[in-house]
Amino acid sequence: MRLTREYFKQDALFLAEDLLGKLLCRKINGKVLKFRITETECYLGKGDSASHAGKKKTERNKIMFKQGGYAYVYLCYGIHYMFNIVSGQKNTAQGVLVRGVENFDGPGKLTKALKIDKSFNGADLVKSKEIWLENDGIKFSFKRAKRVGIEYAKKEDREKLWRFIAIK
DNA sequence: AGATTGATAAGG
DNA sequence: CTTATCAATCTT
């Protein structure tokens, strides 16, 4: 079953956990590929110094201020595309970073495998025929960990256990 | 541990 | 315009 707008409008903290085991679907050259999500991180906008949207709205992060269900894709370190799922209500600026799927562990690797690039920034995951998410009823158990790659953030934000990793 | 890489944000 | 910075990865 395809995930709905109502699903994506839930809190990012809940979604980051619940998205583990869901299927990330991508249509390439007429073929549909499905990858099971194995690792996520949660980013809240307001007061989260690790989030792009933690301080203020900019041209790049404005997608995160939309209601849940949109894709936020951006280039990091000039090399790697990151795929995020905007979540929560409008203007809450929450998002879930998809860090890994089955067989492609790592945020830069999964976007490369799925051929996700900047043109998907702002894509509607509820309506798009190119990229969407599905729930087939499988739910993984998981463990929590500290987020990575955010050394620039405040100490209290660095130590939050907002990274979710599926256990095989 | 170091090189890489280029869009983006902030400042003059 | 210029500069610094970065939700990472690959190679030593």
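Hydrogens, waters and symmetry mates are skipped; everything else that's a heavy atom, side chains included, is used. Chain letters run A, B, ... following the sequence lines, proteins first, then strands; residues in each count from 1. What you see is a predicted model, and the numbers here were worked out from it, not measured in a lab.
- The distance between atom OH of A:Tyr74 and atom P of B:dT8, rounded to the nearest whole Å, is 11 Å.
- The distance from atom OH of A:Tyr81 to atom P of B:dG6 is 10 Å, rounded to the nearest whole Å.
- Bounding nucleotides for the chain A contact on DNA chain C, 5' to 3', at a heavy-atom distance below 4.0 Å, are C:dC6 to C:dC10.
- The nearest whole Å value for the distance from the NE2 atom in A:His80 to the P atom in B:dT8 is 17 Å.
- Taking for each of A:Gly78 and A:Asp105 the nucleotide of DNA chain C with the nearest heavy atom, the 5'-most of the two is the partner of A:Gly78.
- When each of A:Leu114, A:Leu19, A:Ile37 is paired with A:Val98, the side chain to side chain contact (heavy atoms under 4.5 Å, CB included) condition holds for A:Ile37 and for no other.
- When heavy atoms are screened at a 4.0 angstrom cut-off, A:Arg147 is found touching no nucleic acid atom at all.
- Across all non-hydrogen atoms, the minimal contact from A:Lys115 to A:Phe120 is O-CE1, 3.8 Å.
- For the pair A:Met82/A:Asn84, a side-chain contact is recorded, criterion being any heavy-atom separation below 4.5 Å from C-beta on.
- Inspection of the A:Tyr7 and A:Asn135 side chains reveals no N or O donor paired with an N or O acceptor under 3.5 Å.
- Nearest heavy atom pair, residue A:Val73 against residue A:Asn121, reads N-OD1, 3.0 Å.
- Under the 6.0 Å distance and 45° angle rule, A:Arg158 does not count as a cation-pi partner of A:Tyr152.
- The side-chain hydrogen bond (donor to acceptor under 3.5 Å, both in side chains) check on A:Lys34 picks up A:Glu134, with sequence neighbours excluded.
- The glycosidic torsion of C:dA4 lies more than 90° away from 0, placing the base in the anti range.
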Salt bridge (charged side-chain N to carboxylate O under 4.0 Å, His left out) between A:Glu41 and A:Arg147, intermediate numbers included: CA-CA 7 Å; A:Glu41 275 182 18; A:Arg147 292 180 291 181; 5.1 Å; no

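- Between A:Ile79 and A:Leu75, the residue anchored closer to the 5' end of DNA chain B is A:Ile79, taking for each the nucleotide with the nearest heavy atom.
- In secondary-structure terms, DNA chain B builds stems of at least 3 consecutive Watson-Crick or G-U pairs, each pair having both distances under 3.5 Å, at B:1-4 with C:8-11, B:6-11 with C:1-6.
- Taking atom CD1 of residue A:Ile63 and atom P of nucleotide B:dA7, one finds them 18 Å apart after rounding to whole Å.
- Contact detail for A:Gln67 and A:Val86: the closest heavy-atom pair is O-CG1, 3.7 Å.
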